[in-house]
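Atoms considered below: every heavy atom in the structure, side chains included; atoms not considered: hydrogens, waters and symmetry mates.
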Amino acid sequence: MTRTPRLTSDTAACCWIPLFALRCETARRPELASLPLALLAPDDTRRLWQVAPLARRAGVKPGMTVSQAIALCPALKLCEPDPVHYDEQFARLVAALVTVSPVVEPVELGRAYVGTDGLEWLYGSPQQIVKEIQMRSAECGMRNAECKGKRREANDPSLKFRTPHSAFRIGWGRGKFVSWVAASRAKPGGSVIVRPGEERKFLASQRLAVLPLDPDTHRRLLQLGVKTLGALVALPEEAVVSQFGRAGRRLWRLAAGLVSEPVVGRVVPEPIVAALTFFTPVGERDLLAHALDKLIDRALGDPRRSGWRVQVVRVHAELEHGASWLVAATLKDPSATRERIAAPLKTQLERSPPAGAVERLVVEFTAFAPGTAELQLFARDAGAAARAGRRRALQSAAREIALRIRRPVLYHVIEVQPWSRLPERRYALIDYEP
C-alpha cells in the first residue's frame with residue numbers, strides 16, 4: 001500500500017444536490033414524490049432527518065420527533081433510511097465527477113467540490129466546464145432497488161435510472177467558499193459562475209446564513225444590525241476580531257472574499273474489507289458486537305495492512321426486507337488494535353442499533369496512517385508532545401484574550417522574598433506575555 005500525493009486546485013466547481021437521500025428514495029419509488037414525505041434519521045429513528053417541501057409547508061422540520069411531525073401533518077409519509085444505498089449512489093456521482101477532473105473532494109452526502117485548474121485546456125471557458133460536469137453527472141446511473149425483498153445485483157439493467165438532473169446545482173468560483181455560495185444561489189438544474197475579481201461584489205449581497213456561524217454568533221451579529229456579508233465587511237476587521245476573536249477574523253475574511261481554500265483531491269485508498277453472512281438473521285447486540293470483533297481481527301490480519309494503522313473504519317449491515325444500517329468512525333489516534341478500532345463502533349451500535357435483523361455484516365478499513373508501532377510504545381515522547389501541544393494551546397488562548405480585552409489580565413506568580421514573614425511579600429505578579 002503506497003501513499004498517493006494529494007492534488008489541489010484553486011478554482012472550484014461546487015456540485016450540490018439538496019436532500020440527496022430523500023431524492024434517492026423518490027427516484028426508486030416515484031409514487032412518493034407527490035406525497036408529504038420525511039426520512040427518518042439513521043442514528044435515531046424517532047426523529048426526522050430530511051423533509052420534503054410538501055411536508056415543510058405543513059410546518060414539519062428536520063430534527064422533529066415523529067409524534068410532533070404527525071401532529072402537524074397527519075398525512076405525513078415516513079420512510080426508513082437506507083444509508084448504504086445513499087452512499088452507493090453518491091459514490092456513483094463522485095465517480096462520474098472524477099471523469100471530468102482528478103481533483104474531487106466529497107464533503108457530505110450530495111455535495112462535492114471539483115477542482116477545475118487546467119481544465120480550460122480541455123473544455124474551454126468556465127461555462128463549458130460546468131456544462132461538461134452537468135452532462136457527466138446526468139449520465140451516471142444509480143441503482144433503483146425496491147425496499148421489499150432481497151437486494152438485486154447492481155449490474156441489473158432494470159435498476160438504472162438517471163441522476164435527478166433537475167435538482168443538480170453547480171457554483172463555480174475561486175476557492176471552496178465562493179463556489180459553495182454560488183451553488184446555493186443557483187436554480188435547480190442551473191449554475192452560477194463568479195469570475196475572478198468579482199468575489200467581493202458577489203458576496204456582499206449574500207445573507208449571513210451562508211457563513212459557517214454558530215447560533216450565538218449569528219444572533220449577536222443580527223442584534224448589531226449585520227444581515228449581509230457586505231454589512232459585515234463594512235465593519236473594521238479588528239472590531240470584529242475584538243468581539244468574536246479568531247473566529248471573527250475568519251468570518252470577516254470569508255465575507256470579504258479574501259479566503260480561498262483550495263480543493264484537495266482525496267487520496268483513494270485501497271480498502272480492506274471483511275464480511276460475514278448470517279444463515280439466520282441476527283438481531284442481538286451482543287452477537288453483533290462479537291461478530292464485529294471477529295471481522296476487525298480478520299481485516300487487521302490482511303497482509304496489505306502491514307505497516308499501516310487504521311484511521312477510518314466503516315461498518316454496514318444488510319437487514320431483512322432490503323433495509324440497511326451504516327456507521328463510520330474516524331479515529332483521532334490511528335490504531336492497529338482491535339479494541340481501539342471497535343470502541344466507537346460499539347458505542348454507535350448501543351446508541352442506534354440496526355432497525356431489524358442483520359443478514360450480512362461488513363467491516364471496511366478505508367483510510368490509513370503510516371507506522372506499525374502504537375503511540376503507547378513511546379510514552380515519554382507522547383507525553384512531551386502532549387505537553388507541548390497544551391503549551392501552544394494556552395499561548396494561543398492567552399493571545400486571543402489579550403486581543404479581545406486589550407489590557408493585561410494574565411500574570412505570572414514569581415517568588416520574591418520567600419523568607420518574609422508577610423505572605424504578600426513572598427510573591428509578586430508580573431504580566432504574562434504569551
Side-chain angles (χ1 to χ4, degrees), residues 3-24 27 39 42-43 49-50 81-117 119 129-130 132-143 154 163-165 167-173 175-184 186 191 210 212 260-273 310-316 324 326-331 362 364-369:
R3 270 186 285 179
T4 306
R6 295 199 172 196
L7 301 173
T8 62
S9 172
D10 291 327
T11 57
C14 178
C15 305
W16 182 41
I17 300 180
L19 302 176
F20 184 85
L22 198 63
R23 293 181 188 280
C24 287
L39 199 59
D43 56 348
W49 175 25
Q50 294 187 356
D82 190 354
V84 174
H85 174 68
Y86 313 144
D87 194 65
E88 289 173 352
Q89 307 319 310
F90 187 52
R92 287 179 181 271
L93 177 59
V94 171
L97 297 176
V98 170
T99 64
V100 179
S101 168
V103 186
V104 176
E105 183 181 346
V107 180
E108 61 183 359
L109 202 62
R111 179 158 64 107
Y113 294 101
V114 178
T116 62
D117 282 359
L119 294 188
I129 295 173
V130 167
E132 185 70 18
I133 292 173
Q134 290 172 329
M135 184 179 68
R136 298 292 179 90
S137 65
E139 290 175 353
C140 83
M142 291 185 175
R143 202 164 59 122
T163 305
H165 190 66
F168 200 72
R169 310 178 190 209
I170 299 178
W172 187 93
K176 291 192 289 189
F177 178 69
V178 172
S179 65
W180 156 240
V181 177
S184 69
S191 63
V210 300
S260 177
E261 294 181 338
V263 180
V264 180
R266 60 179 187 162
V267 176
V268 182
E270 182 183 357
I272 295 175
V273 181
V310 179
Q311 189 168 34
V312 178
V313 58
R314 298 187 344 145
V315 177
H316 59 87
S324 65
L326 172 68
V327 295
T330 300
L331 304 180
V362 181
E364 295 180 335
F365 297 161
T366 60
F368 305 86

Roughly how far, to the nearest 0.5 Å, is the CH2 atom of W16 from the CH2 atom of W180?
4.0 Å
To the nearest 0.5 Å, what is the distance between CD on E132 and OG on S137?
10.0 Å
L22 vs W49 side-chain heavy atoms within contact, under 4.5 Å:
no
Looking at A13, is its backbone amide N or carbonyl O close enough to the side chain of T116 to form a donor-acceptor pair, meaning the two atoms are under 3.5 Å apart?
no
With side-chain contact (heavy atoms from CB on, under 4.5 Å) as the test, would you mind laying out the steps for I17 and F90 before giving the verdict?
CA-CA 10 Å; I17 300 180; F90 187 52; over 6 Å; no
Which heavy atom of C24 sits nearest a heavy atom of Y86, and at what distance?
CB-CD2, 3.8 Å
Write down the atom of P18, the atom of A167, and the distance for their closest heavy-atom approach.
CD-O, 3.5 Å
Using modelled atom types and a 3.5 Å cut-off, is there a donor and acceptor pairing between side-chain atoms of T8 and backbone atoms of P262?
no
For the pair F20 and E108, evaluate side-chain contact (heavy atoms from CB on, under 4.5 Å) and give the outcome as yes or no after the intermediate values.
CA-CA 10 Å; F20 184 85; E108 61 183 359; over 6 Å; no
Using 0.5 Å steps for rounding, measure from the OG1 atom of T11 to the CG atom of L119.
7.5 Å
If I compare all heavy atoms of A12 with all of S179, which pair ends up nearest, and what's the gap?
O-CB, 3.6 Å
Please find the pair of heavy atoms, one from S324 and one from V84, that lie closest to each other, and give the distance.
OG-N, 3.2 Å
Measure the spacing between CD of E261 and CD of E105 and express it to the nearest 0.5 Å.
9.0 Å
Does I170 offer a backbone N or O that forms a donor-acceptor pair with the side chain of S191 under 3.5 Å?
no
Locate the shortest heavy-atom distance separating V310 from L331; write the atom from each residue and the value.
O-CD1, 3.4 Å
Shortest non-hydrogen contact from R136 toward V100
CG-CG2, 3.5 Å
Apply side-chain contact (heavy atoms from CB on, under 4.5 Å) to W172 and I133, showing your working.
CA-CA 11 Å; W172 187 93; I133 292 173; over 6 Å; no
According to salt bridge (charged side-chain N to carboxylate O under 4.0 Å, His left out), who are the partners of R314, at least two apart in sequence or on a separate chain?
D87, E364
Is the side chain of R111 donor-acceptor paired with the backbone N or O of C14 at a distance under 3.5 Å, no angle test?
no
Evaluate side-chain contact (heavy atoms from CB on, under 4.5 Å) for V263 paired with V114, printing each intermediate quantity in order.
CA-CA 7 Å; V263 180; V114 178; over 6 Å; no
Taken to the nearest 0.5 Å, the spacing of Q89 CD from L109 CG works out to 10.0 Å
